[in-house]
Protein chains: 2
Amino acid sequence: MNSEVLPRTRAARKPFEVRRAEIVRKAASFFAQFGFDATTRDLANWLGTTQPLMYRYFPSKNALIEEIYQSIFVGAWKKEWDALLSDRTRPVRERLVEFYDQYTDVIMNSEWMRLYLFAGLRGVDITRLYIARVEERIIRPVMREMAADIGTTITPENEPKLLELAWSLQGGIFYYGVRKFVYGTAVYQEKHEMIATSVDVYASSWPKA
Amino acid sequence: MNSEVLPRTRAARKPFEVRRAEIVRKAASFFAQFGFDATTRDLANWLGTTQPLMYRYFPSKNALIEEIYQSIFVGAWKKEWDALLSDRTRPVRERLVEFYDQYTDVIMNSEWMRLYLFAGLRGVDITRLYIARVEERIIRPVMREMAADIGTTITPENEPKLLELAWSLQGGIFYYGVRKFVYGTAVYQEKHEMIATSVDVYASSWPKA
DNA sequence: CCCTAGCTTTATCACACGATAAATAAACAA
DNA sequence: TTGTTTATTTATCGTGTGATAAAGCTAGGG
């Protein structure tokens with residue numbers, strides 16, 4: 001990044017919480033583009049302020065990054081999704097498609113996916129935590145609802161296979177997003193179509209379809 | 001990384017090509033662990049040499065990184081895989097399972113997968129090139145062989161769906177590797193079992209199974 | 001055994017980095 | 001209008017960075 005410091009007009013004075021929230025929001029898109037090793041000077045330029053300003057709001061660069069993690073990963077989950085996934089008044093395939101439509105509306109964009117991958121490679125705990133959450137709130141509910149629909153019981157014997165099947169659905173959908181938003185390569189179906197097909201294939205993989 | 005420079009014994013003197021190859025190989029595992037922003041001093045410490053030595057063999061840090069890309073991405077493909085995938089004397093599912101068993105033996109390790117993700121986030125051309133290659137040498141052959149086996153014709157109408165179906169197989173398998181080798185989280189089946197199941201599900205998604 | 005080619009190290013440069021302290025200026029209350 | 005508060009900027013520190021130049025050392029040929 002080229003940090004040309006052109007003659008700047010003094011940054012507008014803003015209330016503490018407003019500026020703080022603005023820094024978190026804009027820094028997220030900045031680090032998503034340039035990685036967490038990008039400099040605080042370039043960040044300041046991106047924000048339209050000067051470099052030391054950040055230190056009024058966060059004790060260190062890393063503290064700011066931690067805050068971004070929180071806003072991105074913890075804020076991703078919408079609590080109505082738990083109810084949506086387990087609403088047995090509706091056909092299970094319909095629920096799964098609607099859930100993945102909504103979930104991917106949140107995570108399938110360049111900013112979210114790149115921050116997720118950057119964080120994962122940094123080896124921060126929050127990504128392992130996030131995967132554990134995905135398993136608890138998506139993978140296992142999906143298994144449970146499919147099992148209930150088909151009339152199968154989850155046993156210690158078939159559980160490993162069922163877990164990996166559900167993870168495979170998740171992974172297939174996720175990788176579509178990686179291709180499109182991280183690598184910028186071609187995809188051949190709209191998101192919704194791809195999800196519908198994936199859910200169909202997944203549901204059909206259970207014994208009595 | 002802590003670059004403690006303990007009293008070192010002078011590095012063994014080695015012929016040009018030997019040392020050069022050693023640097024590429026060891027630097028690959030170094031950058032896989034610490035990312036491409038890790039310093040040349042820490043790299044030298046990792047190699048058991050001093051920092052300026054690298055510059056006898058590569059004009060810049062980035063030139064070394066480019067060489068690592070080549071060795072990892074171009075070197076990944078084994079030419080017998082083309083023949084394996086299209087060997088119509090054998091059942092198609094068997095071929096797909098054997099191919100993915102072998103392919104994942106090469107790429108499913110912490111070093112390969114982390115370098116792949118690091119490179120992708122850096123936005124280097126080689127990753128887009130690699131994805132194009134995957135599509136040409138895996139995705140399309142898989143489609144073609146399945147179509148031939150089932151007796152279906154690939155048309156402009158069904159091609160997008162068939163492409164995404166094959167990508168979904170690839171993505172599901174790949175994400176298993178990401179979970180295991182990048183995030184270090186639990187997986188519930190051995191690699192071979194997961195592949196066998198995935199290929200089965202994929203094959204069954206075609207009309208006449 | 002010595003000598004030279006060339007592999008390896010020491011010393012150093014110019015600059016970029018995260019972070020801190022002190023000065024400046026804009027908003028708001030009296 | 002004036003005084004106080006606090007958001008923002010300027011100036012700077014100590015350290016780490018990729019890279020270069022010159023000196024040091026070791027293996028192999030004679």
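Reminder, nothing fancy here: chain letters follow the sequence lines and each chain counts from 1.
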Could you check whether B:Phe58 gets within reach of a base, just the sugar-phosphate, or nothing at all, counting any heavy atom under 4.0 Å? nothing
Is it true that A:Glu136 and A:Arg140 make a salt bridge, defined as a side-chain N closer than 4.0 Å to a carboxylate O? no
Got A:Trp167 and A:Glu135 here, is their nearest side-chain heavy-atom distance under 4.5 Å? yes
Kindly give the heavy-atom pair with the smallest separation between B:Tyr103 and B:Tyr130, and that separation in Å. OH-OH, 2.7 Å
Enumerate the residues from residues 118-126 of chain A whose closest heavy atom to DNA chain D is under 4.0 Å, giving them by residue number; use none for an empty result. none
If you draw a 6.0 Å radius around NZ in B:Lys191, do more than 12 non-hydrogen atoms from other residues or ligands fall strictly inside? yes
Can you tell me how far C1' of D:dG18 sits from CG of B:Leu43, to the nearest Å? 12 Å
Integer-rounded Å distance: D:dT17 C1' and A:Asp37 CG: 13 Å
Is it true that the side chains of A:Gln102 and A:Glu98 contain a donor and an acceptor less than 3.5 Å apart? yes
Write down the distance between CD (B:Glu22) and C1' (C:dC7), rounded to a whole number of angstrom. 13 Å
Could you state the atom-to-atom distance from CZ of B:Arg20 to C1' of C:dG6 in whole Å? 16 Å
Nucleic acid footprint by protein, nucleotides 19-30 of chain C - heavy-atom cut-off 4.0 Å, B for base, S for sugar-phosphate alone: BB---BBBS---
Tell me the bend of the helix from C:dC1-D:dG30 to C:dA30-D:dT1 as the angle between end helix axes, each from five pairs, rounded to the nearest 10 degrees. 0°
Quickly, which of A:Ile154, A:Asn158, A:Leu165 forms a side chain to side chain contact (heavy atoms under 4.5 Å, CB included) with A:Met143? Name it, please. A:Ile154
Within a reach of under 6.0 Å around CD of B:Glu159, are more than 12 heavy atoms found that belong to other residues, nucleotides or ligands? yes
Do B:Leu53 and B:Arg19 have side chains that get closer than 4.5 Å, going by heavy atoms? yes
Rounded to whole angstrom units, what separation is found between the CG atom of B:Leu53 and the P atom of D:dG18? 15 Å
Over all strands shown, is B:Thr50 touching base, sugar-phosphate only, or nothing at heavy-atom distances under 4.0 angstrom? base
Side chain to side chain, A:Asp42 and A:Phe34, heavy atoms closer than 4.5 Å: no
We want to know whether A:Tyr176 and A:Gln189 form a side-chain donor-acceptor pair, criterion being a heavy-atom distance below 3.5 angstrom. no
Send over the distance from B:Arg19 CZ to D:dT26 C1', rounded to a whole Å. 13 Å
Figure out the CD/P separation between B:Glu17 and C:dG6, and round it to whole Å. 14 Å
Do side-chain atoms of A:Thr50 reach the backbone of A:Pro52 as a donor and acceptor pair under 3.5 angstrom? no
Separation of atom CD1 in B:Ile23 from atom P in C:dC7, rounded to whole Å: 11 Å
